[in-house]
Amino acid sequence: MAQFVKKDDDRDEEAEYSPFLGIEKGAVLQEARVFNDPQLDSRRCSQVITKLLYLLNQGETFTKVEATEVFFAVTKLFQSKDIGLRRMVYLMIKELSPSSDEVIIVTSSLMKDMNSKTDVYRANAIRVLCRITDGTLLTQIERYLKQAIVDKNPVVASAALVSGIHLLQTNPEIVKRWSNEVQEAVQSRAALVQFHALALLHQIRQNDRLAVSKLVTSLTRGTVRSPLAQCLLIRYTSQVIRESSMNNQSGERPFYDFLEGCLRHKAEMVIFEAARAITELNGVTSRELTPAITVLQLFLSSSKPVLRFAAVRTLNKVAMTHPMAVTNCNIDMESLISDQNRSIATLAITTLLKTGNESGVDRLMKQITNFMSDIADEFKIVVVDAIRSLCLKFPLKYRTLMNFLSNILREEGGFEYKKAIVDSIVILIRDIPDAKESGLLHLCEFIEDCEFTYLSTQILHFLGVEGPKTSDPSKYIRYIYNRVILENATVRASAVSTLAKFGAMVDSLKPRIFVLLRRCLYDNDDEVRDRATLYLNTLGGDGSVIETDKDVKEFLFGSLDIPLVNLETSLKNYEPTEEPFDISSVPKEVKSQPLAEKKAAGKKSTALGAPPASLTSASSAPVELTEAETEYAVNVVKHIFDRHVVFQYNCTNTIPEQLLENVVVVVDASEAEEFAELATKPLKALPYDTPGQTFVAFEKPEGVPAVGRFSNVLKFIVKEVDPSTGEAEDDGVEDEYQLEDSEIVAADYMLKVRVSNFRNAWESLGPDFERVDEYGLGPRESLSEAVNAVINLLGMQPCEGTEVVAANSRSHACLLSGVYIGNVKVLVRLSFGVDSAKEVAMKLAVRSEDESVSDAIHEIVAN
Amino acid sequence: MESCPSVKNILLLDSEGGRIAVKYYSDDWATNNAKEAFEKSIFTKTQKTNARTEAEIAMLENNIVVYKFVQDLHFFVTGGDDENELILSTVLQGFFDAVGLLLRGNVDKKEALENLDLILLCLDEIIDGGIILETDASVIAGKVASHSVDSGAPLSEQTISQALATAREHLTRSLLSG
């Protein structure tokens, strides 16, 4: 008990003096019953409303019922004549934002207040009513609102105008009818009425360029009283300037004089608005800029942080496009480096970095060094980026700037900051050749004590690429090998790769690298050991120092040109056998499967219990089995596996009055002797216009490119659907629908696989299993059509863009590659010739790893 | 930039970053959690700065925030990042001075909470749905005060049960400390 009291006690210490101590929603809602008392205690009621508002302000929410209850109770308070209470009631109603059927309850009370003699009631009732009203109610009160806009009390007029600005979003056609009154209000002597009227008038007319231009023209000549209205006018003026073209005769920009005049306004906000508007003019000239820069420069030495910030932020932007215009401010800017407000200091520094000249760099860097230690990381990143651009601008100064970067790299900092520095150094090394050696050493020193694995691996990779090309690569080895001893497995593995790259590129270092790599063979991490073994083998680490051949270099430095997704799928499907995994069998095309198909694949695997084995091979493009615009549209996708073939029938029901159930395709495989039907997966229901899939699977001899013809019949139970309700009748009728035949042809067993260098691949396959023959293709439409027909027939991947036939050419050579069933690599050279009668002749040369496959390709064409 | 100057929120926080009165006019912070997160980050970011003599300014989440502190009260006004900083600062100054007038110079958390109704009305008179209604402190305070002259008694009178609870706590504390 004592403990409990004590705990409570601690909390009270802070909140002791709060009048809302221990406040609780339930209790306050109970208290709200005083609103219903016949004798209203207005002070008490005000207090309860304040409590309710306090709860809402603290993030408490009322349920729908609670809110409705409070709302109805609050409406009772309109009886009271107490002005203060009435104001709290207005606030409460706005907070509760009642629903439209509740609004009706207060409408009459609020309309009464709108016409009250008390100005405060009028102004506030307008604001509340417009906040909670909808279109229908608005037409009822429109008359009063128009009156209110020109009310002689400025508070009432402003209330109506501001409400108009809000209502324009929801009921533009109504508000647009008020433009005469609004126009009159623009001439008001009351400063803020003019501001609100101008804002509303512009919004009403914003799509009418001529009207906006007229408005601006008349107002820039007249007098605008409030600084806020003047700021608005400057914004509208810049818009007009943007949309009108420069006056070509005199080269004068229209309204520029007005903007420049505003620079001498007595209100700072107007001066600044005008200066900013001038700096943002399209294609601003330095003559136009000068007066604006001058006033901004004065602001830089203001005692007010807000002014200094506004000025330096604007100048910073100007420095991006007109660095020369800002140089006059450099002295003021330099004194801002020590500004208490770090945002101002950072903006000043980055501006200086953009405008500074080459000779000033050293001095500037000295100032920044003091400054860097006491700002937050987010500012430091901005500075680092600015220094990088400066260094690229003045490459001769790389030594100072690179030193600066390496110094801050050694100091404390978060990941994003360190990454920004490392990225900058890397960019400088790439772009400034002189900076390379010192930059790489800075990076080496950094990874000696780097807590971020990601940065370490990035730097190691970069070292592997750039390090061997330097004058003395051996000095980096120590840093890299230290990583192998001291770091986590990810960094160690990456260091091993880097070592291997040095070994591959620098023959003199090879023996030493081998020693180091061999030590890595005893690492306790698999990946590190595997990499070490791999590199030792590829680099010939068996003791003999040989020239690193081209393949190895390509392997080490080349990039992986296979989409990772494809590689992953292929690896998953690879079953451990005698045969090694062949990376060239991975398709290089990025397959974008249609969504429906993907879903189907997912469904299929769950339905069959287990995913079918070795989903390696090709899936054909959909083949239509129905004519276009028939009752049911069906196409088939053939999925070819080593021992199986799966037909995926995509069906669409185009009759709104029908629901198909138990949809199956009955396949007659009598003309496909080697195929035996294995399983069928019916489609439960096929409603109108929602595609569905049904599957039929066949078994076939493993590794044999069996071919055959299949006749298909769609069978289903059809049910009538009432089009008005969408409900199907209970009883259905069995029916069937004849589809076209489908075929498995030899090309279906071909996987499109690209080779990067056809000539090399061709030579390396050798002429052992080369088969050459000539064919007459008969008269064809064009040479191009004949080439495409043969490519489609073989189902192979055209290489080196040879599928494109030049217009009007009489002959064409085409190169194709692919992998045939059984994982046999196949290359094809086609030579076409066409005569005047459009008779096409073709010479087909096939090379593959298997004699029978070469023959099979010829058979495909021959048939 | 052709748009009317607009204010995204006005915040009055205490010296711990807790809410006294806040008003949001923008959809940038849809939930109470988002609002509290914003308040927390702006409070932490500005906490150590000296914004007592002149209003200070900071950028946060692509917003401009101008702020000023007095006693244990922290005043903030937020606008979009292309807003005229000086307009925001004028709004802040109007709010700050109006609260000073309404609390008759005793500007601290205790007074603010005891006169929360005045603070809420004050916010209501400065901004309407993001649009600036009035920035002159004396006009704002005049509008707020004129209605509450006769009912301006602060919320110091608590319900009987609350008073009893407070008394009981004071008693237990004196017993425990003794």
Side-chain angles (χ1 to χ4, degrees), chain A residues 2 5-6 8-9 12 14 17-22 31 42-43 46-47 49-50 53-54 57-59 82-88 91 120 127 131 155 158 162 165-166 192 196 199 202-203 206 228 231-232 235-236 238-239 268-269 272-273 276 303-307 309-310 313 340-341 343, chain B residues 1-5 16 19-23 32 35-36 49-51 54-59 66 84-90 109-110 113-114 116-117 120-121 124 128-129 131-135 143-144 146-159 162 165-166 169 172-173 176:
Chain A
V5 173
K6 186 122 192 5
D8 230 89
D9 205 42
D12 295 344
E14 301 167 24
Y17 44 77
S18 167
F20 302 104
L21 176 68
E31 275 188 77
S42 42
R43 206 174 70 189
S46 275
Q47 286 169 4
I49 292 185
T50 310
L53 289 171
Y54 173 83
N57 216 290
Q58 294 295 320
D82 187 292
I83 300 180
L85 177 59
R86 185 67 58 87
R87 293 237 36 205
M88 296 311 282
L91 270 191
V120 183
R127 285 173 58 199
R131 173 72 61 88
V155 182
S158 278
V162 171
I165 296 175
H166 295 313
L192 280 154
H196 295 134
H202 177 261
Q203 284 196 15
Q206 60 184 343
L228 279 172
C231 286
L232 268 189
R235 290 183 190 187
Y236 302 155
S238 338
Q239 184 195 0
E268 281 162 345
M269 76 163 77
F272 175 67
E273 187 77 43
R276 195 170 64 157
S303 64
K304 294 181 189 165
V306 176
L307 265 180
F309 177 90
R313 193 160 77 110
Q340 286 281 313
N341 185 319
S343 304
Chain B
M1 272 316 295
E2 294 83 53
S3 58
C4 191
E16 314 274 315
R19 265 184 204 170
I20 293 179
V22 298
K23 198 80 190 133
N32 191 49
K35 290 174 185 166
E36 279 177 349
T49 54
N50 179 16
E54 289 286 356
E56 276 289 347
I57 184 162
M59 299 268 308
V66 288
N84 182 330
E85 292 90 340
L86 303 183
I87 294 182
L88 295 177
S89 130
T90 310
K109 180 183 174 182
K110 180 167 177 286
L113 282 173
E114 283 179 352
L116 188 68
D117 51 345
L120 292 172
L121 287 174
D124 188 57
D128 183 293
I131 297 173
I132 301 166
L133 270 184
E134 181 57 77
T135 56
K143 281 204 248 173
V144 173
S146 71
H147 328 139
S148 24
V149 165
D150 47 359
S151 64
L155 195 74
S156 50
E157 287 185 23
Q158 300 169 347
T159 60
Q162 273 180 314
T166 319
E169 279 147 19
T172 31
R173 196 175 313 150
L176 280 169

Interface residue of largest heavy-atom contact number with chain A, from B:Asp124, B:Leu116, B:Asn32, B:Ile20, under 4.5 Å: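 Ranked by heavy-atom pairs under 4.5 Å with chain A, first place is B:Asp124.
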
Sequence-distant partners of A:Val155, side chain to side chain contact (heavy atoms under 4.5 Å, CB included), two or more places apart: A:Ala123, A:Asn153, B:Lys143

Option in A:Gln340, A:His196, A:Arg127, A:Lys304 with maximal non-hydrogen atom pairs under 4.5 Å from chain B: A:Arg127

Tell me, out of A:Arg86, A:Gln206, A:Met269, A:Gln203, who's got the most heavy-atom pairs with chain B below 4.5 Å. A:Met269

What part of [X] gets closer than 4.5 Å to chain B, counting heavy atoms only: side chain, backbone, both or neither?
X	result
A:Arg131	side chain
A:Ala310	both
A:Ser303	both
A:Glu268	both

Which bit of [X] is near chain A, if near means a heavy-atom gap under 4.5 Å: side chain, backbone, both or neither?
X	answer
B:Lys35	neither
B:Val22	both
B:Leu88	neither
B:Thr49	neither

Using a 4.5 Å cut-off on heavy atoms from C-beta on, say whether the side chain of B:Ile57 contacts that of B:Glu85.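 B:Glu85 reaches B:Ile57 side chain to side chain.
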
Would you mind reporting whether A:Phe272 and A:Leu307 have side-chain heavy atoms less than 4.5 Å apart?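 They are not in side-chain contact.
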
Can you check whether B:Glu56's main-chain N or O pairs, donor with acceptor, with A:Asn341's side chain at less than 3.5 Å? no

For A:Gln58 and B:Arg19, indicate whether the former's side chain and the latter's backbone hold a donor-acceptor pair under 3.5 Å. yes

Just how far is it from atom CG of B:Asp128 to atom CD of B:Glu134, taken to the nearest 0.5 Å? 13.0 Å

Starting at CZ of A:Arg43, measure out to CG of A:Leu85 and round the result to the nearest 0.5 Å.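 A:Arg43 CZ to A:Leu85 CG: 12.5 Å, rounded to 0.5 Å.
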
Provide the closest heavy-atom pair for A:Tyr54 versus B:Leu113 in the form atom of the first, atom of the second, distance.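 Closest approach of A:Tyr54 to B:Leu113, heavy atoms only: CE1-CD2, 4.1 Å.
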
